[in-house]
Amino acid sequence: MLFQSSIRKELAHSFGATLVVLVTIVMTIVLIRTLGQASRGSLNPQDVMLFMAYSALGRLPTILTLSLFIAMVSTLSRMYRDSEMVVWFTSGQGLAGFLMPLFRFAWPVLLVITLMALFVWPWTNQQTRDMQSRYQQRGDLDRIAPGQFQESSSGNRVFFIDRNLAGDQASNNVFIAATEKGKSSITTARSGRIETRGEAQFLILENGQRLENVIGESALKISDFKEYGTKTGESTALGASVPQARLLSTRDLSRTPTRVNLGELAWRFGLALSAINFVVLALALASVNPRAGRSGNLIFVLLAFVVYNNLLNLGQGWIVMGLIGFGNFLVALHGGILLLGLGWLAKRHTHWVFTLPPRIRRASPAMRVNGSRQP
C-alpha cells in the first residue's frame, strides 16, 4: 500500500508541473499563429481568444501524452538517482511490479486522451473551420471597423470609414483606394450605403470625388459625383462544402471507410494506443547514468516521443497512398512498439545480459596475429 501510494503521489506532482509548463508553451505558440492569421485577414480579431481555446483543446491529447511520459520517466529516474529503487528491489519488488501502480495512476489520463482523440478533436476542427469560413465569406465592407483601414479579400482595394451612421448598412466619410486593370484610383465620399442586388453587393457613394490615372502615366482624371456605385463582392451565404477527414466524426469515418478516412481513423486510434505504450516505455527506459547527467534521460524521452509521433503521421500518409492497410499498420506500429517495450522491460527485470558463447570467447584471443587468423 505504501509502495503504490508513494509512487502515485510523486507522479501526480510531476505530471501537474509538466502539464502546466507544456500548456504554457503550446498556448504561446498558438497565440503567435492566431495573431498572424488575424493580421492577414483570415480570422476575425474578436474571435482570437475563442480560436486559441479551440486550437489548444485539439492539441490536448498530445500534450497529455507527453506530460505523462515525461512525468513517469523523471519520477522513476529520480528514484534511481536517490537509490530508492534499491530499497524497493531489496524489499521484494521487481521492476515489473511498477507496472500496476503506473497504470492505476495513468488510466484516468489515458481515458481522457482516448475520448478527446476520438470525439473532441474533430469537434474542435469543425468549430475553427466554421469560424474562419464565416469570416472569410463576409463581404469586404462587412469586415470594416470604423477608424481602421481594411484590405479587400482580393487585395486590390483598401477601405476606410470614419463612423457608422444609423443602421449597419450606412457609413460616413468613406475612402477607397483601388488598383485594377492597369489603373489606380482614389475615391472619397461624405456618405455611403450597401445595397444587395441579386447575388452581387454594391457600395453606393454620395457626394464625393474620384481621382483616377493610368499606372505609369502622369495624366490625372478628377471627377465629382452625387452618386456613384461600385461592386464590392458577392453576397454568398455559408454553403455546405465537402468535409475533410479531420472534420468528420469518428462514426462518420467508420461508416465511409475510404483510404483518407481510414488514415485519419488510424491517427486518432494511434493517439490512444501510443499513450498506453508510453507507459510501458517509461518504465523500460527509465534509468540513470551518472556520467550523462540529469538531462540525458529527458533528451532521450523527447527523441523517442518525436520519433513515435512522426511514425504515426507517416503511417497515416501510407494508408492514404494505399501502401499499408488500416489493421496492418496498427498491429505493426503499436503492436511492435508494445512488444519492444515489454521485451526491454523483461530484460531489465531479469537482469539478462547478452554474452558470447564459451567457444567463441575461448577462440577470440587467438583470432588475430598481425591482422591475420592464427592457424
Side-chain angles (χ1 to χ4, degrees), residues 3-33 52-85 88 95 98-117 120-121 124 268 270-290 292-313 334 337-338 341 344-345:
F3 169 66
Q4 296 190 9
S5 62
S6 61
I7 293 178
R8 289 199 300 266
K9 184 178 180 180
E10 186 169 356
L11 283 174
H13 292 163
S14 180
F15 175 75
T18 306
L19 182 61
V20 170
V21 173
L22 291 181
V23 168
T24 303
I25 296 174
V26 171
M27 289 297 292
T28 303
I29 297 175
V30 172
L31 175 61
I32 296 174
R33 292 181 178 179
M52 285 181 55
Y54 285 136
S55 300
L57 193 61
R59 291 171 173 83
L60 197 55
T62 305
I63 299 175
L64 290 174
T65 302
L66 181 57
S67 300
L68 188 64
F69 191 32
I70 292 177
M72 288 186 174
V73 173
S74 61
T75 299
L76 296 173
S77 299
R78 201 276 309 161
M79 295 176 68
Y80 274 106
R81 186 171 56 252
D82 295 344
S83 300
E84 287 188 20
M85 281 295 191
W88 293 118
L95 187 61
F98 284 81
L99 271 179
M100 186 60 67
L102 289 182
F103 273 107
R104 285 186 177 179
F105 168 80
W107 77 262
V109 182
L110 298 177
L111 181 60
V112 172
I113 292 172
T114 303
L115 294 177
M116 296 197 69
V120 179
W121 163 255
T124 56
R268 295 181 189 179
L271 289 179
L273 295 175
S274 63
I276 298 175
N277 286 344
F278 277 127
V279 177
V280 180
L281 290 175
L283 182 58
L285 299 178
S287 62
V288 171
N289 183 359
R294 296 185 177 183
S295 60
N297 265 8
L298 183 59
I299 296 176
F300 186 75
V301 164
L302 294 177
L303 180 61
F305 181 84
V306 170
V307 171
Y308 199 166
N309 195 50
N310 286 338
L311 287 176
L312 194 61
N313 296 328
H334 304 290
I337 295 295
L338 180 60
W344 190 261
L345 179 60

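Since this is a predicted model, take the numbers as computed values, not measurements.
When every heavy atom of Ile113 is checked against every heavy atom of Ala275, the shortest pair comes out as CD1-CB, 3.9 Å. Listed here is the closest heavy atom pair of Leu57 and Pro61: O-CD, 3.9 Å. The two residues Ser55 and Val30 come nearest to each other via the heavy atoms CB-CG1, 3.8 Å. Ala282 and Leu76 make their closest contact through O-CD1, 3.9 Å (heavy atoms, listed as atom of the first residue, atom of the second, distance). Contact detail for Leu312 and Gly270: the closest heavy-atom pair is CD1-CA, 3.7 Å. The shortest heavy-atom contact between Met72 and Leu11 is CA-CD2, 3.8 Å.
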Between Val120 and Leu115, does a side chain to side chain contact (heavy atoms under 4.5 Å, CB included) hold up when you go through it step by step?
CA-CA 7 Å; Val120 179; Leu115 294 177; 5.9 Å; no
Could you please spell out the steps behind the side chain to side chain contact (heavy atoms under 4.5 Å, CB included) verdict for Val280 and Ile276?
CA-CA 7 Å; Val280 180; Ile276 298 175; 5.5 Å; no
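For Val23, the side-chain contact (heavy atoms from CB on, under 4.5 Å) criterion is met by Leu19, Met27, Ile63, not counting sequence neighbours.
The shortest side-chain heavy-atom distance between Val26 and Thr62 does not fall under the 4.5 Å cut-off. Within the 4.5 Å cutoff, side-chain heavy atoms of Leu68 are placed close to those of Leu110. Two residues are said to be in side-chain contact when any heavy atoms from C-beta on lie closer than 4.5 Å; Leu281 and Phe278 meet this criterion. Considering only heavy atoms from C-beta on, Ile70 stays 4.5 Å or farther from Phe305 through its side chain. When side chains are defined from C-beta on, Leu271 does not count as touching Trp121, because their heavy atoms never get closer than 4.5 Å. Between Phe105 and Ile7 the shortest side-chain heavy-atom distance does not fall below 4.5 Å.
Interatomic distance, OG of Ser274 versus CG of Asn309, reported as 7.5 Å (0.5 Å rounding). With rounding to the nearest 0.5 angstrom, the CZ atom of Phe98 is 11.0 Å from the CG atom of Leu345. Rounding to the nearest 0.5 Å gives a distance of 4.0 Å between CD of Glu10 and CZ of Arg78.
Side-chain atoms of Arg33 never come within 3.5 Å of backbone atoms of Ile29 as a donor-acceptor pair (strictly under, hydrogens ignored). Using modelled atom types, one side-chain atom of Asn277 and one backbone atom of His334 make a donor-acceptor pair closer than 3.5 Å. Side chain of Thr75 to backbone of Ala71: a donor-acceptor contact under 3.5 angstrom is found.
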